[in-house]
Structures are given as C-alpha cells and as structure tokens.
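Contents: one structure, followed by commentary.
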Amino acid sequence: MNEYSLLVLATQYSFTAAFAAMAAGTLYFMMERNNLTPEYSPVASLCAMVSLVAAINYFVMKDTVGLDGQAASLAGFATDYRYIDWLITTPLLLAVLPVLLGRSRMNNGMMARLLAVDVLMIVVGYIGEVSINRAGGGTMTGWWCLLISMACWFYILYVLFAEIGRALEGADSYLKSSLGFLRTYLVISWVVYPLGYLIAVLDLSDNLLIGREMVYCIADVIAKVGFGMAAVSVAKRLSAMQWEARS
Ligand code: RET
C-alpha cells in the first residue's frame with residue numbers, strides 16, 4: 001500500500017502546475033482587456049473570471065492531494081471541487097461565443113438557454129459522480145445521470161452548430177471562420193470530461209482513475225487558458241476591424 005508511484009507523483013504535481021497556469025492566464029487576460037473595444041472587452045473579462053476561479057480552486061485542490069507519490073494521499077482528493085469549478089466556469093466559457101457573435105445576431109434567449117442547459121449538465125453529472133463515489137463503483141443512478149447529462153451536452157452542440165451556424169449566415173468571412181474554429185476547439189477540448197466520468201461509472205482500474213485526474217488538470221488548462229487565448233486573439237482582430245471602420 002505504501003508503494004511509491006511516479007504516476008501518482010506526476011498527478012499530484014499537475015495540480016500545482018495547473019494552478020500556476022491559471023494564475024498566469026488571469027494576468028494575461030486582464031492586461032489584454034485594454035486592447036479591445038467596449039463591445040469585445042467582455043471576452044477578456046469572461047476569460048479572466050474563468051481562470052481566476054480555476055486558480056482559486058486549484059490553489060485549494062493542490063493542498064489536498066499531497067506530494068509524496070503515495071496513492072493513499074491522492075485518495076483524499078474530493079472530486080466535488082472539480083464540479084464546483086465546472087459549475088462556475090463552463091457557463092462563463094460558453095458565454096464567450098455569443099459575445100463574439102454580437103448582440104444583433106443572437107436570437108431568442110440563445111445565451112440563457114445555453115447557460116441553463118450547461119448548469120443542468122454539470123449538476124446532474126455531479127449527482128451521478130457522488131453516487132458512484134459513495135458506492136465505490138458504477139451505480140444505476142450513475143448511468144441515468146450520464147444519460148441526462150449527455151442529452152444536455154447534445155443540446156449545447158445543437159445550439160453551437162445549428163443555431164450559431166444559422167446566425168452566421170451572411171456574416172463577415174473572418175467572423176464565420178474564427179467562430180467556427182472556436183466552437184470546434186471548445187467541443188474537442190470538452191470531450192475529455194465525459195470520458196473521465198465513464199472511467200468512474202465503468203469502475204475501471206485505479207491507475208486509470210489516478211491518470212484521469214492528471215488528464216483533467218491538463219484538459220482544464222487547454223479548455224480555459226488555451227481557449228481564452230484563442231478567443232482574445234479573435235476579439236483583438238474584431239476590435240481592430242471596428243477601429244478601422246470608424247477611422
Ligand atoms: C459530465 C457528466 C457526464 C456527462 C457529461 C459531463 C460533461 C462535462 C463537461 C465538463 C466540462 C468542463 C470544462 C472545464 C474546464 O474548463 C458532467 C462529466 C457530458 C463538458 C470545460
């Protein structure tokens with residue numbers, strides 16, 4: 001039981017690394033905010049909020065996982081922290097796309113529906129994960145929650161691709177291609193999360209459950225700081241286009 005494991009050690013350190021990346025991201029987004037027009041500055045504000053919330057959560061999480069290469073230390077980690085983080089950050093991340101799309105192109109409560117369904121997806125996923133953790137393996141509740149949460153995820157995909165796709169018809173070609181890129185980035189970077197849940201509900205090996213935490217740390221940086229950097233660079237270009245059109 002007291003066996004030293006490199007996988008455990010790397011996973012433990014990945015929490016500290018993710019904390020540092022989120023903190024650096026926050027500083028970057030706050031500074032970039034000054035380079036945007038008022039219409040697009042919320043993009044940088046949203047990204048800074050996302051990385052700040054994550055930095056705070058990682059600051060707390062890193063102190064609960066230990067740094068000793070012992071699986072027993074990592075076992076004390078509460079997945080609940082992750083869900084608290086996702087509950088706050090995923091709606092903020094999703095809100096970036098409608099802001100870039102522009103108020104005039106948004107339709108009947110697109111933003112509100114996106115955010116509500118996203119929150120439902122995370123809350124239901126949390127209920128499932130808690131039931132799995134309590135039972136120490138897959139449960140019926142866990143499977144039902146997966147099903148409902150996946151349905152929410154598909155609804156989000158529908159809004160991102162069908163509705164935003166329609167809203168982009170006739171839009172400027174740069175806006176079309178950059179939003180197309182950002183939504184694809186978002187979808188791909190979010191796929192990791194339901195896969196991590198599957199590892200728990202299928203009750204796969206302990207090493208996979210440990211590795212899952214390291215993958216989540218990396219995925220979080222890609223989905224938050226990486227996505228934010230791409231979104232801010234789009235917002236900068238759109239801001240420059242606005243300035244040019246005005247001068
Ligand atoms: C759950 C439960 C199982 C089904 C699905 C899920 C989706 C989770 C997602 C999380 C995204 C998190 C991000 C965090 C950091 O930036 C809740 C695991 C579909 C999509 C992007």
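We use all heavy atoms of the structure for the numbers below, so side chains are in, but hydrogens, waters and symmetry mates are not. Order of appearance sets the numbers: ligands from 1, and atoms from 1 within every ligand.
A centroid separation of 6.0 Å or more is found between the aromatic rings of Phe227 and Trp190.
Not a single donor-acceptor pair under 3.5 Å links the side chain of Asp85 to the backbone N or O of Tyr81.
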Write out each pair where an N or O from ligand 1 and one from the protein are under 3.5 Å apart, with the distance.
unit_1   : atom_1 : unit_2 : atom_2 : d
ligand 1 : 16 (O) : Lys224 : NZ     : 3.3

Name the atoms and distances for all side-chain donor-acceptor pairs under 3.5 Å in residues 132-141, with sequence neighbours left out.
unit_1 : atom_1 : unit_2 : atom_2 : d
Thr139 : OG1    : Ser131 : OG     : 2.6
Thr139 : OG1    : Gly142 : N      : 2.8

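A cation-pi arrangement is found for Arg237 relative to Tyr174, the charged atom lying closer than 6.0 Å to the ring centre and inside a 45° cone about the ring normal.
Within the structure, the salt bridge (charged side-chain N to carboxylate O under 4.0 Å, His left out) test picks out the following pairs touching residues 152-178 (sequence neighbours left out): Arg113-Glu163.
Met30 shares a hydrophobic cluster with no other residue; no ILVMFWY side chain has heavy atoms under 4.5 Å from its own.
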